[in-house]
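Worksheet: one structure, shown below.
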There are 2 protein chains.
Amino acid sequence: MNKKKEAAGDAALKTISEPALKRLPLYHQYLKKVHSTGMQDISCTRIAEELNLTPILVRKDIAYTSIQGKPKTGYSVEALITAIEDFLGWKNTNEALLVGAGNLGNALLGYRQFNEYGLSIIAAFDSDKAKVGTTVHGKKVFDIDRFENITQRLKIKIGIITVSADSAQEVSDMMVRSGITAILNFTPVKISVPDGVTVQQVNLASSIAILIRSIE
Amino acid sequence: MNKKKEAAGDAALKTISEPALKRLPLYHQYLKKVHSTGMQDISCTRIAEELNLTPILVRKDIAYTSIQGKPKTGYSVEALITAIEDFLGWKNTNEALLVGAGNLGNALLGYRQFNEYGLSIIAAFDSDKAKVGTTVHGKKVFDIDRFENITQRLKIKIGIITVSADSAQEVSDMMVRSGITAILNFTPVKISVPDGVTVQQVNLASSIAILIRSIE
DNA sequence: TAGATTGTTAATCGATTAACAATC
DNA sequence: TAGATTGTTAATCGATTAACAATC
């Protein structure tokens, strides 16, 4: 598992671990719920209880965002929400391109929640001429041949792969060639990328494996 | 994080760790590719190289399936594929019901790969009367009111949640009430379930958080 | 003040890796 | 036989948890 090299940045800050980074969106989602009830402050204990974690873990995770809590009262809900959003880069939108306008690809093109996570899919690509030129959820589907050109012109860094398993590596290679450095891969294939490119695998097979095992 | 209690079974067998369990489908996918090239045997070293893991880790993971390798030659590709499928319960199909026939739900209803993972979504449910009665990718959409009844009658154990965030917990409660013991949750909400119920969270927000961080 | 809660340093626990003997 | 590879036992490493001092 190729650990991505730390993006330097503030050298004083310890780099956050992947598990911790993955928990921050969970806190955010819960805090927004809490905020809507009008609560002003919240403690780690409360968050931990709600999310089935330990208070110490929550406190350490929150510390990464450099927010300071107040003993006895905890953290300002509003400030904490903002701190997490800042830390995760949700304030500025990051543009992404999707390759593979099939079933799943189309669904993702219409998945509004992405915007809340600072991600905006601006267009799709497919090799199927029948799909090229169509519009899915307000987003245009381009010919795959134009991917490299468009990516470079718009300086897009994030690519989403929703093609079939057997062309996943090929599409990944094309993305890397085009300057993409972050890939969200929905195929069950482990794709190989050079150093400096980050891949997140959304592996439904793995999740299902755990579910099935639990019922047998 | 509530560790699920070990499903007893063969007491001699060490229970597999979650990370290991999640890697097995990756091996399977790669092995099928290898098998299609006609290769007879394969070594851990080869698998590890291909998937960016260490050979020792691969060997330990494979050991869970109780297959035996031969020094010098490695494992029979075919036998290994079968062993993993057996271990993951992919031989017999597990039926699932999906709640929330929106964008994402519909895409999942048409996602053929699920069958390869031993999962078959047999029907969908929605509270939107306009959707009730329609057919999506050959699967019927029922009124949510009928969920409990149908689940119990067919003794379904797996539920998939693709509703909006704010009704996720409600749907989860309903599933648990109906006898569902394994839930695949696509909402960004951490749902609370009683002991004995396994939840797998497909958290796109977390994956995106890692990607965005890598490019900033 | 007393007590709840934060923040930090030390201990634990589990997964991964290393070392090495066994074997085809 | 020699060497590659498996399988197992020990060492390492990193994340989580515990302990405790600081503070509002």
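Proteins come first, then strands; the chains are lettered A, B, ... in the order of their sequence lines, and each starts at number 1. This structure is a prediction, so every number in the text was calculated from the model and none was measured.
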Using a 3.5 Å distance criterion without hydrogens, assess whether the side chain of Gln29(A) forms a donor-acceptor pair with backbone atoms of Leu24(A). no

How about Leu154(B) and Ile122(B): do any of their side-chain heavy atoms sit closer than 4.5 Å? yes

Treating Gln201(A) as the side-chain partner and Thr187(A) as the backbone partner, does any N or O pair qualify as donor plus acceptor under 3.5 Å? yes

How would DNA chain D look in dot-bracket form, 5' to 3', counting Watson-Crick and G-U wobble pairs with both distances under 3.5 Å and writing | for bases paired to another strand? ..||||||||||||||||||||||

Pair Ile183(B)-Met175(B), side chain to side chain contact (heavy atoms under 4.5 Å, CB included): steps then yes or no: CA-CA 8 Å; Ile183(B) 295 174; Met175(B) 284 183 168; 4.2 Å; yes

Quick one: OG on Ser207(B) to CG on Leu184(A), what's the gap to the nearest 0.5 Å? 6.0 Å

Test item: Tyr75(A) and Ile47(A) side chains (from C-beta on) under 4.5 Å apart, heavy atoms: no

More than 12 heavy atoms from other groups under 6.0 Å of CD on Gln152(B): yes

Determine the interplanar angle of the Tyr64(B) and Phe87(B) rings, folded into 0 to 90°, and report it as parallel if under 30°, tilted if 30 to 60°, perpendicular if over 60°. tilted

Show which side-chain atoms of residues 31-44 of chain A pair as donor or acceptor with protein atoms under 3.5 Å away, not counting sequence neighbours.
{"residue": "His35(A)", "atom": "NE2", "partner": "Glu78(A)", "partner atom": "OE2", "Å": "2.9"}
{"residue": "Ser36(A)", "atom": "OG", "partner": "Lys33(A)", "partner atom": "O", "Å": "2.6"}
{"residue": "Thr37(A)", "atom": "OG1", "partner": "Val34(A)", "partner atom": "O", "Å": "2.5"}
{"residue": "Ser43(A)", "atom": "OG", "partner": "Arg46(A)", "partner atom": "N", "Å": "3.2"}

Protein-nucleotide distance (Glu49(A), atom CD; dA4(C), atom C1'), rounded to Å: 14 Å

Contacts of Tyr27(B) that satisfy ring-ring contact (aromatic ring centres under 6.0 Å, His included) - sequence neighbours left out: none

Of all the nucleotides listed (dT5(C), dT8(D), dT5(D)), which has the minimum atom distance to the side chain of Thr45(A)? dT5(C)

According to a strict under-4.0 Å criterion, is Arg59(B) in side-chain N/O contact with OP1 or OP2 of dG7(D)? no

Under 3.5 Å: donor-acceptor pair, side chain of Ser167(B), backbone of Glu170(B): no

Taken to the nearest whole Å, CD1/Ile42(A) to P/dA4(C) is 18 Å

Got a sec? Which of residues 67-76 of chain B come in under 4.0 Å of DNA chain D, heavy atoms? Gln68(B), Gly69(B), Lys70(B), Pro71(B), Lys72(B), Gly74(B), Tyr75(B)

Heavy atoms within less than 4.0 Å of DNA chain D: which residues of residues 31-39 of chain B have one? Give them sorted by number. none

Classify the angle between the aromatic ring planes of Trp90(B) and Tyr117(B) as parallel (below 30°), tilted (30 to 60°) or perpendicular (above 60°). tilted

Enumerate the protein-to-nucleotides 12-16 of chain C contacts in which both atoms are nitrogen or oxygen and the separation is below 3.5 Å.
{"residue": "dT16(C)", "atom": "OP1", "partner": "Arg23(B)", "partner atom": "NH1", "Å": "2.9"}
{"residue": "dT16(C)", "atom": "OP2", "partner": "Arg23(B)", "partner atom": "NH2", "Å": "3.1"}

Rounded interatomic separation in angstrom, taking CD1 from Ile56(B) and C1' from dA19(C): 9 Å

Could you check whether atom NZ of Lys155(B) has more than 12 heavy atoms from other residues, nucleotides or ligands sitting under 6.0 Å from it? no

